[in-house]
Every structure is written in C-alpha cells, then in structure tokens.
Amino acid sequence: MLDKKLLIKSPELVKKNLSKRGYILKVDQWMKLESERKIAQVNLESNQENLNKLSKEISKSKDDEGLKDQASSLSTLVKQDKEILQSIQKSIDEFLLDIPNLLDETVPVGEDEASNEIIDEKGEIPNFSFEPKPHSFFIDKIDRGRGIKIAKSRFTVLSGEIAKLHRVIGQFMIDTHTKEHGYEELYVPYIVNKASLVGTGQLPKFEEDLFKLTESPDLYLAPTAEVPVTNLHRDEKLTLEQLPINYVCHSPCFRSEAGSYGKDTKGLIRQHQFDKVELVKICKPEKSEDEHTKLIADASKILELLELPYRKVTLSSGDTGFSASKTVDLEVWFPSQNTYREISSCSNFTDFQSRRANLKYKADKGNEFCHTLNGSGLAIGRTLAAILENYQTDDGNFIYPEVLKKYI
RNA sequence: GGAGAGGUGGCUGAGUGGUUGAAAGCGCUCCCCUGCUAAGGGAGUAUGUGGUAAUCCCGCAUCGAGGGUUCGAAUCCCUCCCUCUCCGCCA
C-alpha cells in the first residue's frame, strides 16, 4: 500500500511513476474520494464532539428531558454520518489496495521482459558432444504421468535418486544460508489466512492465482513462504535491536497457474506444487538497498556453489511484480532449451508490504514502517531440473554437483 | 467433536452504565538523594487518525472483531474470531 500522504500531496508524481508499469492512476477519482472523506470526517467528528459534550452535561444535571431530546436527535445524526464516512472509507481502501508499489528510479523502463536488463553473467555454459536431453527425460522414467493420475496435470512424482537429490538440494541450501549467510531457519504453516495474503500483496487482486480451501473460506494454500514468513511480524512493533531480521524457510508452494495453459507443460518448470527455499529480510528503510544487494548475493551463491551457469537480470518496469519496488531475477541455464530460465526472484518491497501488514519498528522519533525483502534461495524443483540438464552424461545419465556429494 | 473459563496499555493486572484513555505494579525515560554499588524519593511514559506543513495545540477513535440497546458502553444484549482447561479422538 502506498503512503496516503504522498498520494494526497503529489498524486501526479505517483501517477508518473506508476505509468511506467502501465498502471493508470485515476487521480480525479482519488481527489474526489479524498475530498469527500475529509468533509465527511470533519462533519462526523464535530457532531460527535457535540454529542460527547451533551452526554457529559446530562450526567451532571439530573432528568433534563430537553437535553436528552437534543442528544437523541444528534445521536441519530452521528449514526448517519458514520455510515457515510464508512462507505467512503471502504471505497478508499479498495482504491489503495489496488495500486502497485512505486518503482525504484533505477528500474529500466519497458513494457515487458524484453526490456529487462542483464547485469551479470556467470559460469561456463556446458558444451555437449551430444544433443542434451530435457530434464523431463529423467523424471519421466518414473513419473510417466503418475502425478497427473494422483492429482491432476502440473503435478509430478519423483523417485529414487532423483527424489533424494530433490531432498538434498533443499538441505544444502538451508545449510548454506544458515551457516554462511546468517539466516535463521523457520518452519511455518503452509496454509495461510486472508489477512496474511493481503499483507504481502497477493490479495485482494490476485486471488485467481491461489488455491483456496473451500471448507474454510478465509484460508488458502501458501503460494510461497514469503507469505507466512513476512507475516510472522504482522501488527508488531519491532525494536531497533531486532533489525535486520534474516529468515530462511523451506516450504512447498502451491499455485493455481491460472492463465498459463500450454506453457512449460513438460517437466518441473511450472507446477501446481513445488518446493522452495525462501529468504526474507526485514530492515530499516535506509538499509533496504544494501540488504537487497546482499540478498541477491546470497541467492547467487547457491548457483555458484552448484556450478550452474546463470545470469542476473533487473526486471523492467512492466515486468516488475505488483508489490515490488525493484526486482532482480536470477536465471539459470537450461541446455535443452538453449536459454536461461528464472530460478530466483529477489525483490525489495520497501514499505509497501509493511503498510499492508502494519509492520513497524520503534525508531527514535516514533514508530516507522519497516522495509521488507525476499528472494528465492532457490526454487528447488527448478534447481533439480537445472542440475539434471547441466550435469547429464552421454549415456542418458547424470552426475552430482561436487558440493552435493557429501549429502548423497 | 462435547463441557467450562477467558480475551483490558510494552508486560502483569483492577475495573459491571457517566471526568476510566482507563487504578495499581513491573518495565522504560528524566530529575533528586545516597562519597561506589544496592536501596530510596519525585516527575513523565499507549496507538491510530483528523483539523494543519508541524515532534506544539485542539478534536475523534481504540479495552479480541463486528453489530445492537442507550443521551452515554471496557462495563448490558447478539454474532463471529482467538486463547486456555477438562473429556473424547488422533500423528
């Protein structure tokens, strides 16, 4: 959620920033709502003030029917004023929850991923003496559509060595982040409520991307650990000593993938259920840029240790997600596709999520909103897929990355 | 799932219709005293929001959430949520 004061003070500036996303801020509608609010609120509060004063007079003087009649009609008026203000406030809330975050100045401007900016390329792209197989080749040996049989399309079964590799990858990532990067490990609920999803920005706008529990209408399967982990401190006031907070959490993620029919239908790239190791940071506003750099480095480290070729990409204005101010994706090399694919998305949300989640810290002058960040460190299914492809051998097999051998 | 108890400020905990935004204690901040320390004395100490640009001033709201009764609700009524205890069930 954006700062209301900023929106009141300089709506045109906000509009200009958001237009880079292709979002058109309805300034006229906003100004109208806001001025209606002000009138309604001032009116209500002055009537309420008079009513309060009358009530006190009544409590002092006994049985003054005249005063009571006066208070009674004023009370009715206040009730009406409240309803008017409430309905305006509701419109304002809806309006505000619909607005995406302001973009960082350094975000490249462009309509879509074509304008993303490659900032770094690392690792050696493998040279195969044979036609590299897609990772689905290895998985299909066991899966053969069984995931679909058990659940539906976009579900996959792993077995034997590959299932083990999948388990071990997560272990390796968490170990690295806790032991070498100073993150605290968390285990969290995989089902989250509405308030949490509003807090991180998935709701109300993106409900169709989620799996909803029909028996408990306010509950959803978590689409990423970002939701439970960031919301851990929702409605809290953190102390300065607590910051910065660094959490790492391995969790399954559930996404409906509505609207992605026909995309990445083979293999592990796009599943309804996948595991991910997520990194979440909560910090003071002035530190978030530095923390973002660290976050990207921490996630990249995994790819480097796994010796997978990857690149860093700053997402363009049109490609940057709703809640993020700036996002840097890590993309790993997929030989069978002869291209890089996203494996991590590292975002600085500035105070956007904090405002929604009412997440503050006690600063010297008063309570301030924290900044939140998160990034995959990394998506486990895609990491597994990348390993299978990049480490495959000409006999239709694969070998293990060096750092994972001690886990196998 | 059944039965019961309960949700009040940073924390503990009073408060059953009218200066209670809320006693008291703890904690915290400042001051005083005590030649150190410990102890003691005094003052202060919620958040959000609006009028305004304003850390001053004034108002409004907030005692789990939402409704209702009333001139007036932390206090009475209804609905919901959550927590705890016992029983049942269960990993």
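Atom set for the values below is all heavy atoms of this structure, side chains included, hydrogens, waters and symmetry mates excluded. None of the values given here were measured: they were computed from a predicted structure. Sequence lines set the chain letters: A, B, ... in the order given, protein chains first and strands last, and positions in each chain run from 1.
The side-chain hydrogen bond (donor to acceptor under 3.5 Å, both in side chains) test with Lys326(A) is passed by exactly one of Thr314(A), Asn348(A), Thr106(A): Thr106(A).
Residue Lys360(A) places at least one side-chain N or O under 4.0 Å from the OP1 or OP2 atom of G48(B).
For Leu238(A) and U47(B), the CG to P distance is 15 Å, given to the nearest whole Å. Rounding to whole angstrom units, NZ of residue Lys237(A) and C1' of G27(B) are separated by 16 Å. Across the protein-nucleic acid pair, Leu85(A) atom CG and U62(B) atom P stand 13 Å apart, rounded to whole Å. As rounded to whole Å, 7 Å separates atom C1' of U49(B) from atom CD of Glu45(A). Atom P of nucleotide U49(B) and atom CG of Asn367(A) are separated by 10 Å, given to the nearest angstrom. Rounded to a whole Å, the OH atom of Tyr361(A) is 15 Å from the P atom of U47(B). Between the CG atom of Asn47(A) and the P atom of A61(B) there is a distance of 12 Å, rounded to whole Å. Rounded to a whole Å, the CD atom of Glu57(A) is 15 Å from the P atom of U19(B).
The same atom, C1', is picked in C56(B) and in G66(B); the two are 37 Å apart, to the nearest Å. Comparing the P positions of A14(B) and G25(B) gives a spacing of 15 Å, expressed to the nearest Å. For the C1' atom pair drawn from U47(B) and G4(B), the interatomic distance equals 34 Å after rounding to whole Å. Taking atom C1' on both C86(B) and U69(B), the two are 36 Å apart, rounded to the nearest angstrom. With both ends at atom C1', the span from A24(B) to G9(B) equals 13 Å, rounded to whole Å. Rounded to a whole angstrom, the distance from the C1' atom of C11(B) to that of C63(B) is 16 Å. Nucleotides U62(B) and A22(B) are separated by 12 Å at their C1' atoms, to the nearest Å. Comparing U29(B) with A46(B), their C1' atoms are spaced 15 Å from each other, to the whole Å.
Looking only at atom types and distance, the side chain of Asn193(A) has a donor-acceptor partner in the side chain of Ser196(A) under 3.5 Å away. Side-chain contact annotation: Asn397(A) with Tyr391(A), donor-acceptor N/O pair under 3.5 Å absent. Side-chain contact, Thr200(A) with Gln353(A): no donor N or O sits under 3.5 Å from an acceptor N or O. There is a side-chain donor-acceptor pair under 3.5 Å between Asp175(A) and Tyr407(A).
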query = For RNA chain B, what is the dot-bracket line, given that a base pair needs Watson-Crick (N1 to N3, plus N6-O4 or O6-N4) or G-U wobble (N1-O2 and O6-N3) geometry with both distances under 3.5 Å, and | means paired with another strand?
reply = ((((((((.[[[..)..(.....]]]((((((.......))))))((((((.....)))))).[[[[[..)....]]]]])))))))....

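Where Lys82(A) and Lys4(A) each meet RNA chain B at their nearest nucleotide, the meeting point lying more 5' is that of Lys4(A).
Non-hydrogen atoms lying under 4.0 Å from RNA chain B are contributed by Arg37(A), Lys38(A), Gln41(A), all within residues 29-41 of chain A.
Side-chain contact check for Asn390(A) versus Trp333(A): some heavy-atom pair is nearer than 4.5 Å.
In the set G50(B), A61(B), U47(B), G50(B) carries the atom at the smallest distance from any side-chain atom of Val42(A). For Lys362(A), the listed nucleotide lying nearest its side chain is U47(B); candidates were G48(B), U47(B), G59(B).
Side-chain N or O atoms of Gln271(A) include one that pairs as donor or acceptor with a backbone N or O of Gly267(A) at under 3.5 Å. No donor-acceptor pair closer than 3.5 Å links the side chain of Asn116(A) to the backbone N or O of Leu315(A).
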What's touching nucleotides 64-74 of chain B from the protein side, N or O pairs under 3.5 Å?
| from | atom 1 | to | atom 2 | distance (Å) |
| --- | --- | --- | --- | --- |
| C71(B) | O2' | Ser55(A) | OG | 3.1 |
| G72(B) | OP1 | Ser75(A) | OG | 2.9 |
| G72(B) | O4' | Ser55(A) | OG | 3.3 |

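The cationic group of Lys405(A) does not satisfy the cation-pi geometry with Tyr400(A), failing either the under 6.0 Å distance to the six-membered ring centre or the 45° limit from the ring axis.
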Intermediate values then yes/no, salt bridge (charged side-chain N to carboxylate O under 4.0 Å, His left out), Lys294(A) and Glu291(A) = CA-CA 5 Å; Lys294(A) 279 195 213 168; Glu291(A) 293 293 345; 3.7 Å; yes

task = Verify salt bridge (charged side-chain N to carboxylate O under 4.0 Å, His left out) between Glu304(A) and Lys122(A), making sure each step is shown before the conclusion.
result = CA-CA 8 Å; Glu304(A) 275 159 34; Lys122(A) 286 199 169 170; 3.6 Å; yes

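Residue Leu308(A) comes nearest to Ala386(A) through the heavy atom pair CD2-O, 3.8 Å, listed as atom of the first residue, atom of the second, then distance.
Heavy atoms from other residues, nucleotides or ligands lying under 6.0 Å from CD of Glu402(A) number 12 at most.
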